[in-house]
Amino acid sequence: MADTTSFSALSKPSYSLKPNPQIPQKAPLFILPKTLQKPSLFPQKPCLSHTTHKTHITLSSKNPISDLVSTNKKSPDDFSSFFDDDDDKPREECGVVGIYGDPEAARLCYLALHALQHRGQEGAGIVAVNENKVLQSVTGVGLVSEVFNESKLDQLPGDLAIGHVRYSTAGSSMLKNVQPFVAGYRFGSVGVAHNGNLVNYRKLRATLEDNGSIFNTSSDTEVVLHLIATSKARPFFMRIVDACEKLEGAYSMVFVTEDKLVAVRDPFGFRPLVMGRRSNGAVVFASETCALDLIEATYEREVYPGEVLVVDKDGVQSLCLMPHPEPKQCIFEHIYFSLPNSVVFGRSVYESRHLFGEILATEAPVDCDVVIAVPDSGVVAALGYAAKAGVPFQQGLIRSHYVGRTFIEPSQKIRDFGVKLKLSPVRGVLEGKRVVVVDDSIVRGTTSSKIVRLLKEAGAKEVHMRIASPPIIASCYYGVDTPSSEELISNRMSVEEIREFIGCDSLAFLPFDSLKKLLGDESPSFCYACFSGNYPVQPKEVKVKRVGDFMDDGLNGNLESIDGSWVQAPLNQEVHKVSEVGKLSSLQN
């Protein structure tokens, strides 16, 4: 069954999606200069404040960033374990956290990174400021629990820390790209953790290298450090403002110095960043509210698009980066990336996904006996579909949470081996049944076809796929790992052609118009580039950084698929060639 674009059901009151009224929306505690075009985001009138700046020991070096710290001890020899594209899904690259004013800041960062593990599973790091005002770093490859232990956390004392989790790419240079980065410059040291992607990275890097900068990594985040180091602005946080005004693309970042924690979000607000506070007064920044919940911090508000928040002994100060256009927040945070228990962009992720499922049941109904989900990201939408359709939801697919990132396949090849390792069908639920299976998205379609085959082999009489997002037709350049547009199945095939390729009995996507109507007045504040090909910030370079690994069937792939971590920019726009700045073959953020 092809999807339909009618929206009669959305006129019903049950399809209203409002910001969570239980989440307090507080104004900035203190406003510094500059104003926004949307005063509703900054309800207080900006005022001027003067802050003091302590000059640190000057470091004499041609390269303003004198020392990029990397304390990794793990061997880079075996990277076969990182060729995992997570079930042919787009991948959110990073999660960040920052804590000021808690004596166990690093340990709380460690716990918060656990809560953000879904945002990055290949590398993790924490930078803490000790009592001597020295920034100490521990980073490594693997899960948070693999990188850190008691002795590692003992190396990170202090009440000020930032942390980062990330996805990676192959290659020996991957280890030194693990964040947070720490650099020394002429006024002291600074650490940074970044979630997002800069679309003008190569041009900025080429300019910096022409002026004598020396780069230690292939990450776009290092460009930010160089821009801060070469800035003439005072005090320190004005260097961050000066640097960020040169950046284009998506960035939600946390910085740490000897005595300050700084959070910044790009003017479009592509990636989420929230602020909370613990009962002892400690200030916490994190990519999602689920991290605040784990460390018992109370959600206060989002970091606004285009805002810089500076936390030090004098409290919290707020500064606007620049007058900015309407926000363009990533809709895929609600479709796939964020945990259902998070509140993202002021909305409950669980409520969003449940309503996506309800819309699918209303607009693409089908006679069925049972509704199942592709776990874990399709579960909430499947619950919404089942509730609206009046059909029981059951667990027809069981996901194994104990599959490591390496495996040994028997010599006699097993068909769909990668998918079978992760997903097991329940014959008692499926046999002889007409089954609706709900998933969050389709990228290449390879995994979906294997799931359909798996369900039919388990005895399903009919398999009807319902996708809780519109078709993905364009690559993302704002911090999401997607293949080139040519590889996206919805960019090459009609819904009926995809249905035939996958082998299901009917297929329907969440209609794009229905999604926008569901969001109501907030609809213009979301980015839909992956569904429409209309980019709020145009990629300006012939090749644009791809921000994660490649995708195939969830566990298999080859080195050729990586393509140097760069994808072709859209061809229907003016592009600016920049000088080659070296072989950038590993993950950029």
Side-chain angles (χ1 to χ4, degrees), residues 90-96 119 164 166-167 177 179 181 192-208 217-228 240-255 263-273 287 303-308 321-322 324-333 337 474-482 484-485 525-530 532-548 565-570 573-576 578 581 584 587-589:
R91 300 207 309 190
E92 167 58 54
E93 189 188 356
C94 305
V96 301
R119 299 184 76 90
H164 190 266
R166 72 190 290 274
Y167 276 114
N177 286 325
Q179 297 182 33
F181 292 158
V192 61
H194 171 207
N195 175 27
N197 182 40
L198 306 179
V199 300
N200 63 336
Y201 157 69
R202 299 184 80 191
K203 182 178 180 180
L204 289 172
R205 176 166 175 155
T207 301
L208 287 163
T217 76
S218 55
S219 169
D220 56 354
T221 307
E222 192 180 355
V223 164
V224 181
L225 291 176
H226 280 272
L227 292 173
I228 290 171
I240 293 178
V241 174
D242 187 42
C244 288
E245 288 181 343
K246 297 179 175 67
L247 306 178
E248 296 179 15
Y251 52 90
S252 286
M253 296 185 283
V254 287
F255 297 85
V264 58
R265 194 167 167 213
D266 69 81
F268 286 93
F270 286 110
R271 308 256 64 85
L273 191 62
S287 294
V303 177
Y304 300 127
E307 184 181 21
V308 178
L321 274 179
M322 62 191 79
H324 63 77
E326 195 167 38
K328 293 296 178 184
Q329 301 162 139
C330 176
I331 189 60
F332 243 91
E333 293 287 348
F337 298 136
S475 297
C476 177
Y477 301 105
Y478 310 131
V480 178
D481 173 22
T482 52
S484 63
S485 296
S525 67
F526 284 90
C527 175
Y528 309 105
C530 54
S532 67
N534 297 322
Y535 294 98
V537 180
Q538 289 288 350
K540 292 189 174 181
E541 298 166 357
V542 175
K543 284 282 189 175
V544 179
K545 178 176 72 86
R546 184 163 78 191
V547 296
S565 292
W566 296 82
V567 295
Q568 188 73 29
Q573 62 183 52
E574 181 181 358
V575 295
H576 306 281
V578 297
V581 295
L584 306 175
L587 183 69
Q588 304 301 302
N589 184 24

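Heavy-atom basis, side chains included; hydrogens, waters and symmetry copies ignored. When a residue number appears, it is its place in the shown sequence, counting from 1.
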Value rounded to 0.5 Å, distance of [atom1] in [X] from [atom2] in [Y]:
{"X": "I228", "Y": "F255", "atom1": "CD1", "atom2": "CZ", "value": "4.0 Å"}
{"X": "L247", "Y": "H194", "atom1": "CG", "atom2": "NE2", "value": "8.0 Å"}
{"X": "E333", "Y": "R119", "atom1": "CD", "atom2": "CZ", "value": "4.0 Å"}
{"X": "F332", "Y": "C530", "atom1": "CZ", "atom2": "SG", "value": "5.0 Å"}
{"X": "E307", "Y": "L273", "atom1": "CD", "atom2": "CG", "value": "9.5 Å"}
{"X": "M253", "Y": "Q179", "atom1": "CE", "atom2": "CD", "value": "10.0 Å"}

To check you understand the geometry: which heavy-atom pair defines the closest contact between [X] and [Y], and what is its length?
{"X": "S219", "Y": "Y201", "result": "O-CE1, 3.7 Å"}
{"X": "A474", "Y": "G533", "result": "CB-CA, 3.8 Å"}
{"X": "A243", "Y": "L227", "result": "CB-CB, 3.6 Å"}
{"X": "R265", "Y": "V303", "result": "NH1-O, 2.7 Å"}
{"X": "L208", "Y": "H226", "result": "CD1-CB, 3.7 Å"}
{"X": "Y477", "Y": "N197", "result": "O-ND2, 2.7 Å"}

* Would you say P272 and F337 make side-chain contact, with heavy atoms under 4.5 Å? -> no
* Tell me, do R271 and C330 make a side-chain contact under 4.5 Å, heavy atoms counted? ->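 A side-chain contact under 4.5 Å exists here.
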Is it true that a side-chain atom of [X] and a backbone atom of [Y] form a donor plus acceptor pair closer than 3.5 Å?
{"X": "E222", "Y": "T217", "result": "yes"}
{"X": "Y251", "Y": "C244", "result": "yes"}
{"X": "D220", "Y": "L198", "result": "yes"}
{"X": "N195", "Y": "S252", "result": "no"}

* Test log, rule side-chain contact (heavy atoms from CB on, under 4.5 Å), inputs V537 and F270 -> CA-CA 10 Å; V537 180; F270 286 110; 4.1 Å; yes
